[in-house]
Amino acid sequence: MNEYSKTPLLDTIRTPDDLRKLKVEQVRQVADELRQETIDAVSVTGGHFGAGLGVVELTTAIHYVFDTPRDRLIWDVGHQAYPHKILTGRRDRIRTLRTGGGLSGFTKRSESDYDPFGAAHSSTSISAGLGMAVARDLAGGKNNVIAVIGDGAMSAGMAYEAMNNAGAMNSRLIVILNDNDMSIAPPVGAMSAYLSRLYSGKTYRTLRDAAKQINKRLPKILANRANRVEEYSRGFMMDGGTLFEELGFYYVGPIDGHNLDHLLPVLKNVRDMETGPILVHVVTQKGKGYGPAEASADKYHAVVKFDVATGTQAKSKPNAPAYQNVFGQSLVKEAEKDDKIVAITAAMPSGTGVDIFNKAFPDRTFDVGIAEQHAVTFAAGLATEGYKPFCAIYSTFLQRGYDQIVHDVAIQNLPVRFAIDRAGLVGADGATHAGSFDNAYLGCLPNMVIMAAADESDLVHMVATQVAINDRPSALRYPRGEGRGIEMPEIGIPLEIGKGRMIRQGSKIALLSFGTRLAECEKAADELAAHGLSTSIADARFMKPLDTELVLKLARDHDVLITVEEGSVGGFGSHVAQFLTDQGVLDTGMVRFRTMVLPDVFQDHDTPAAMYGRAGLDAKGIVAKVFEALGKDVKTETVKLA
């Protein structure tokens, strides 16, 4: 062992089996060293930070008390699982977090047996845990299933649907509510800890069950009175547990999630319970144990690389505004002219730029929590009353509200404006957050106008366009990250619906771009010109309605027509192909037509540039696709202009 190591005890732990061999008095030191290692690792890699620091003791205690991975441990969202990864055989790779070929920033089944369920979206853990618990019961197993869910994730209806089902089934499932922000927890002190330990202990549970049997035989008035006495005694420390008890859970807590003397005995009692389901209410502090994070408003929720001593984050200076900020600022300008404009977000105000709108118009901003289904139908309700709701939700999260988009918005033709952030590949968050599918899943809906901004200037005009669309729903997609640094318009001017624009006129090759791959199309056109291939570039701007006039012209005037988009199969290229086939354009063989889409796989995390390179959607990939269409090899041939 390295005598100079900052983590001598942690160095002896390869898996939780090693942790479970330690004496109970040593667990505190393991937790302290685990916190140190988490801080050091994330300072190098960046990533989600505050949530992981908040569950260091809880992570250590769960792995010490339960027999993982035989006992299934599910972390909701998974962004707090870095300490869990360090304890479960992945410490040697922890500094590869969120980098190409490295560890995922979330739980991932293919990464470890200790990750029984992959997650990165919120509020799925109780449903998955109940499925595992029922599977265990069907198979005659005895292992525990533990779902750890944060208070933020409890704002989603899915968590309550699962709890309602679990309570009715009476399956043995342990849910740990990691409460780091709720107001339902009273001061967590010695009395609460004592009562939690008492109520989770076998003696109390046996007595309680016996009392229930006796109550059944008592006259109703006496039985009700006896029940009320117990409720009052438990209510002394529950204050918030009533809801969970009503859903059929046995409630224990709240207990201090940083005090191992409180945590360990309660978890042991809960582990040994033979009935369920059980909810353990644990109160923690985000960013715990790292001063700069504790002092910060967002508790360093997500960080880039930082200096451990000061907490200063190494942010590079952007040379262009972030798309989300352009959206927020544009919406503010529009709302200054129109008091019917309101903004809705589902727990992502800063990620979507709605925080900018909120500063200007707090009464017209609605953060509905992690409840995308509700957000969409809430927006639909506002639209029925003549308001102009902008529903700003990441592409990957909007998937969660799909039925509501179809049933509540599109069928009724309501002018809800969807601002779809994080369209396309997102980099370090990987497949769970990639906005790959919105072109396809929205493109099939009647009545929907679908736009994609090619740059930050275009985004300003498209926000103005959405304000002007009052007779049907509309969607505007734009990527994560910074724009191109081009000159910005003072005000947005509504675009003509369903009309694209020519960017560059050529004669041989036509590149039809939808979205921010336009910049790569321009680079590709320069390279093709060097090969003697005169190239046109068009920006479609609209996928629905499609600029059919522009598409026909490009097809008739060029030898090759290629569509380029940051989305899956079934999106923009499919719409263009459908139109060209229906028009009989492809029957004659006059034009060689190809579509460029994301590959039909879930791509692992890397830098966006590397991911787009692998997807073939960079300038190099576009040039290669042109040569492939021409039947030439880009490496060996330079095609001369005929």
**pair Ile39-Val42: side-chain heavy atoms closer than 4.5 Å** = no

**Request:** Can you spot which of His281, Glu245, Glu246 makes a side chain to side chain donor-acceptor pair (under 3.5 Å) with Tyr251?
**Result:** His281

**Item:** Residue pair Gly257 / Leu263: nearest heavy atoms and the distance that separates them
**Value:** O-CD1, 3.5 Å

**Message:** Test your reading of the model: is there a side-chain donor-acceptor pair from Arg422 to the backbone of Gly351, 3.5 Å cut-off?
**Reply:** yes

**Asked** Of the non-hydrogen atoms in Arg98 and Gly105, which two are nearest, and what is the gap between them?
**Response** CG-CA, 3.8 Å

**Prompt:** Is it true that the side chains of Asp137 and Ser171 contain a donor and an acceptor less than 3.5 Å apart?
**Reply:** yes

**Prompt:** Roughly how far, to the nearest 0.5 Å, is OG1 of Thr99 from CG of Asp604?
**Reply:** 11.0 Å

**Request:** State whether Arg28 and Glu33 are salt-bridged, where the test is any N-O pair (Lys NZ or Arg NE/NH1/NH2 against Asp/Glu carboxylate O) under 4.0 Å.
**Result:** no

**Request:** Check step by step if side chain to side chain contact (heavy atoms under 4.5 Å, CB included) holds for Leu87 and Leu10.
**Result:** CA-CA 8 Å; Leu87 282 182; Leu10 186 64; 3.9 Å; yes

**Request:** Evaluate side chain to side chain donor-acceptor pair (under 3.5 Å) for Thr345 paired with Asp367, printing each intermediate quantity in order.
**Result:** CA-CA 5 Å; Thr345 181; Asp367 182 349; 5.3 Å; no

**Message:** Using 0.5 Å steps for rounding, measure from the CG atom of Leu425 to the OG atom of Ser436.
**Reply:** 5.5 Å

**Prompt:** Looking at Arg95, Lys6, Arg90, which one forms a salt bridge (charged side-chain N to carboxylate O under 4.0 Å, His left out) with Glu37?
**Reply:** Arg95

**Request:** Take Lys286 and Glu294 through the test salt bridge (Lys or Arg N to Asp or Glu O under 4.0 Å) and record every step on the way to the result.
**Result:** CA-CA 7 Å; Lys286 259 188 176 179; Glu294 287 184 14; over 6 Å; no

**Asked** So Met273 and Arg172, side chain to side chain contact (heavy atoms under 4.5 Å, CB included) or not? Walk me through it.
**Response** CA-CA 8 Å; Met273 282 188 181; Arg172 198 167 56 80; 5.6 Å; no

**Item:** Close side-chain approach of Val175 and Val148, heavy atoms under 4.5 Å
**Value:** no

**Prompt:** Can Ile255 and Val283 be said to form a side chain to side chain contact (heavy atoms under 4.5 Å, CB included), step by step?
**Reply:** CA-CA 6 Å; Ile255 52 174; Val283 179; over 6 Å; no

**Request:** Establish, from distance only, whether the side-chain atoms of Thr352 and Asp421 form a donor-acceptor pair under 3.5 Å.
**Result:** no

**Item:** Polar side-chain atom of Ser123 near backbone of Ala153 as donor-acceptor pair, under 3.5 Å
**Value:** yes

**Residue pair Asp113 / Thr88, side-chain heavy-atom distance below 4.5 Å** = no

**Item:** With Glu372, the side chain to side chain donor-acceptor pair (under 3.5 Å) member among Gln399, Gln404, Arg400, His121
**Value:** Arg400

**Asked** Between CG of Leu34 and CD1 of Ile86, what distance do you get to the nearest 0.5 Å?
**Response** 5.5 Å

**Asked** Checking ring pair (Phe, Tyr, Trp, His ring centres under 6.0 Å) for the pair His433/Phe397: CA distance, chi angles, key distance, verdict?
**Response** CA-CA 8 Å; His433 284 62; Phe397 296 154; 5.5 Å; yes

**Message:** Would the distance check show the side chain of Thr396 and the main-chain N or O of Thr432 forming a donor-acceptor pair, the cut-off being under 3.5 Å?
**Reply:** yes

**Message:** Let me confirm one number: the CG-CG distance from Leu9 to Leu19, rounded to the nearest 0.5 Å.
**Reply:** 8.5 Å

**Request:** Please round to the nearest 0.5 Å and tell me the distance separating atom CD1 of Ile126 and atom CG of Leu173.
**Result:** 7.5 Å

**Message:** Can a side-chain donor-acceptor contact be found between Arg70 and Thr68 if the only test is distance below 3.5 angstrom?
**Reply:** no

**Item:** Closest non-hydrogen atom pair, Ala371 against Ala346
**Value:** N-CB, 4.3 Å

**Asked** If we only count heavy atoms from C-beta on, is the Tyr394 to Val426 side-chain gap below 4.5 Å?
**Response** no

**Message:** Any heavy-atom pair between the side chains of His63 and Leu73 that's under 4.5 Å?
**Reply:** yes

**Asked** Is there a side-chain contact between Arg14 and Asp92, using heavy atoms and a 4.5 Å cut-off?
**Response** yes

**Request:** Examine Phe106 together with Tyr82 and report whether their ring centres are nearer than 6.0 Å.
**Result:** no

**Request:** Evaluate side chain to side chain contact (heavy atoms under 4.5 Å, CB included) for Leu398 paired with Tyr441, printing each intermediate quantity in order.
**Result:** CA-CA 10 Å; Leu398 192 60; Tyr441 72 66; 3.4 Å; yes

**Prompt:** Are the side chain of Tyr160 and the backbone N or O of Leu247 linked by a donor-acceptor pair below 3.5 Å?
**Reply:** no

**Request:** Rounded to the nearest 0.5 Å, what's the gap from CD1 on Ile176 to CG on Asp76? Could you check?
**Result:** 12.5 Å

**Request:** Compute whether any side-chain donor of one residue and acceptor of the other, for Gln36 and Asp40, lie under 3.5 angstrom apart.
**Result:** yes

**Check ion pair Lys85-Glu111 (N to O, under 4.0 angstrom)** = yes

**Request:** Over 60° means perpendicular and under 30° means parallel, so classify the ring planes of His301 and His48, tilted if in between.
**Result:** perpendicular

**Complete:** In short, Ser395 meets Asp438 closest at the heavy-atom pair OG-OD1, 2.7 Å

**Message:** Does Thr15 form a side chain to side chain donor-acceptor pair (under 3.5 Å) with Arg20? I'd like the steps, not just the answer.
**Reply:** CA-CA 9 Å; Thr15 69; Arg20 290 189 278 268; over 6 Å; no

**Heavy-atom closest contact (Ala51 atom, His79 atom, distance)** = CB-NE2, 3.8 Å

**Message:** Looking at every heavy atom in both Ala347 and Ile370, which two are closest together, and how far apart are they?
**Reply:** CB-CG1, 3.6 Å

**Fill in**
Per side chain to side chain donor-acceptor pair (under 3.5 Å), His84 is matched among Thr107, Thr59, Thr60, Asp115 by Asp115

**Message:** Do Arg91 and Thr7 have side chains that approach each other closer than 4.5 Å (heavy atoms only, starting at C-beta)?
**Reply:** yes

**Item:** Centroid-centroid distance, Tyr290 to Phe49, less than 6.0 Å
**Value:** yes

**Message:** For the residue pair Ser350 / Asp355, report whether a side-chain donor-acceptor contact shorter than 3.5 Å exists.
**Reply:** no

**Item:** Residue pair Asp71 / Ile146, side-chain heavy-atom distance below 4.5 Å
**Value:** yes

**Request:** Could you tell me whether the side chain of Arg109 and the main chain of Gly118 form a donor-acceptor pair under 3.5 Å?
**Result:** no

**Prompt:** Any ion pair linking Arg72 and Asp67 (charged N to carboxylate O, less than 4.0 Å)?
**Reply:** no

